[in-house]
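Read the structure below first, then the notes.
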Amino acid sequence: MGGVNFPRNEDGRVYHIGLKEGEVNNRIITVGDWKRADRIAEFLDKQDKHGNPLTPTRTQSSRGFTTINGHFNGVPVSIVAIGMGFPMVDFFMREVRGITQGPLLVVRLGTCGNISGARVGTLCLASEAIGITRNFDHFQTKPEQPPYNLTSPIQ
């Protein structure tokens, strides 16, 4: 099983996403729900530039990550359902970086809680983001501290 900080099984697959080098493309769309991954996969190329049929591949890890590989406008892409929350993003980013070479482009498509006035299907693009982590001290021994730690905005 490899080292505890970056575990791999006997055939080189990273532990959480269940992939090894060559099984994920450098252009990646991530989503939370595997059903959304399936819907996006419907837009993948059906044939190559010579008219030969293309069939996307689908892999499911034992930890719930679903990966669909195919092509979009001739460019190899992967669609990966990673679930939700920061820990899943952390597992995904560290492990996918460890099994890919060269530039990596990752785009997240999904839902985001409650945006006042936004209707289903509305495209929302953030101009900045903040990191939020739970402050365990608040819940254990220091209730005067805030329950969450917030980073400065990242633009």
Side-chain angles (χ1 to χ4, degrees), residues 1-48 52-115 118-136 139 147-151 153-155:
M1 173 61 74
V4 296
N5 290 325
F6 201 71
R8 293 177 188 249
N9 67 14
E10 58 281 347
D11 70 348
R13 293 179 189 285
V14 289
Y15 185 68
H16 297 95
I17 63 175
L19 303 171
K20 61 183 179 179
E21 204 165 321
E23 294 183 337
V24 65
N25 296 301
N26 289 49
R27 304 291 188 272
I28 303 169
I29 297 170
T30 67
V31 296
D33 185 342
W34 62 266
K35 293 176 195 168
R36 187 174 296 120
D38 286 340
R39 289 178 62 194
I40 293 170
E42 293 173 12
F43 294 95
L44 295 174
D45 296 345
K46 308 291 188 257
Q47 57 188 17
D48 66 17
N52 300 314
L54 292 173
T55 304
T57 61
R58 182 186 178 98
T59 306
Q60 177 79 37
S61 81
S62 63
R63 297 308 227 176
F65 290 83
T66 300
T67 301
I68 301 169
N69 286 315
H71 292 79
F72 182 77
N73 290 338
V75 176
V77 297
S78 296
I79 303 164
V80 185
I82 66 172
M84 60 183 228
F86 182 75
M88 302 306 274
V89 173
D90 181 53
F91 288 134
F92 172 75
M93 290 303 297
R94 283 186 297 114
E95 291 186 3
V96 81
R97 180 73 277 178
I99 59 171
T100 55
Q101 301 296 319
L104 190 62
L105 174 66
V106 179
V107 175
R108 170 73 177 191
L109 299 177
T111 57
C112 58
N114 181 12
I115 297 178
R119 293 194 141 130
V120 172
T122 301
L123 177 63
C124 300
L125 299 173
S127 59
E128 57 186 29
I130 59 170
I132 304 172
T133 56
R134 188 176 299 253
N135 180 358
F136 292 104
F139 299 99
Y148 299 97
N149 298 313
L150 306 175
T151 67
I154 302 166
Q155 296 182 353

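Just so it is clear, the model here is predicted, and its values are computed rather than measured. Each residue takes its place number in the sequence, starting with 1.
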Are D33 and K35 ion-paired here, with the side-chain N under 4.0 Å from a carboxylate O?
no
Using a 4.5 Å cut-off on heavy atoms from C-beta on, say whether the side chain of I17 contacts that of V80.
no
Check against side-chain contact (heavy atoms from CB on, under 4.5 Å), L54 and L44:
CA-CA 9 Å; L54 292 173; L44 295 174; over 6 Å; no
Testing the basics here: between V14 and E95, what is the closest heavy-atom pair and its distance to 0.1 Å?
CG2-OE1, 3.4 Å
Which pair of heavy atoms, one from R108 and one from I82, lies closest together, and at what distance?
NH1-CG1, 3.4 Å
R58 vs D38 side-chain heavy atoms within contact, under 4.5 Å
yes
Give, for atom CG of N73 and atom CG of D45, the distance between the pair rounded to the nearest 0.5 Å.
6.0 Å
Verify side-chain contact (heavy atoms from CB on, under 4.5 Å) between R27 and V75, making sure each step is shown before the conclusion.
CA-CA 8 Å; R27 304 291 188 272; V75 176; 4.1 Å; yes
Using every non-hydrogen atom in the two residues, find where N69 and V24 come nearest and quote the distance to one decimal.
OD1-CA, 4.0 Å
Give a yes or no on this: more than 12 heavy atoms of other residues, nucleotides or ligands lie within 6.0 Å of atom CZ of R97.
yes
Value rounded to 0.5 Å, distance of OG1 in T59 from CZ in R13
7.0 Å
Working to the nearest 0.5 Å, report the span between CG of L109 and OG1 of T30.
7.0 Å
Quick one: sort the F139 and Y148 rings into parallel, tilted or perpendicular, breaks at 30° and 60°.
perpendicular
Walk me through it: do R8 and K20 pass the test side-chain contact (heavy atoms from CB on, under 4.5 Å)?
CA-CA 9 Å; R8 293 177 188 249; K20 61 183 179 179; 5.6 Å; no
Classify the ring geometry between F65 and H16 as parallel (under 30°), tilted (30 to 60°) or perpendicular (over 60°).
perpendicular
For I28, does its backbone N or O pair with a side-chain atom of S78 as donor and acceptor, under 3.5 Å?
no
Which atom pair, heavy atoms only, marks the closest approach of N25 to P76?
OD1-CB, 3.4 Å
Test your reading of the model: is there a side-chain donor-acceptor pair from N135 to the backbone of N149, 3.5 Å cut-off?
no
OG/S62 to OH/Y15 distance, rounded to the nearest 0.5 angstrom?
6.0 Å
Closest non-hydrogen atom pair between L19 and I99, with its separation:
CB-CD1, 3.7 Å
Take I29 and F72 through the side-chain contact (heavy atoms from CB on, under 4.5 Å) test and state the conclusion after the steps.
CA-CA 11 Å; I29 297 170; F72 182 77; over 6 Å; no
Minimum heavy-atom separation for P56 to I68, with atom names?
CB-CG2, 3.9 Å
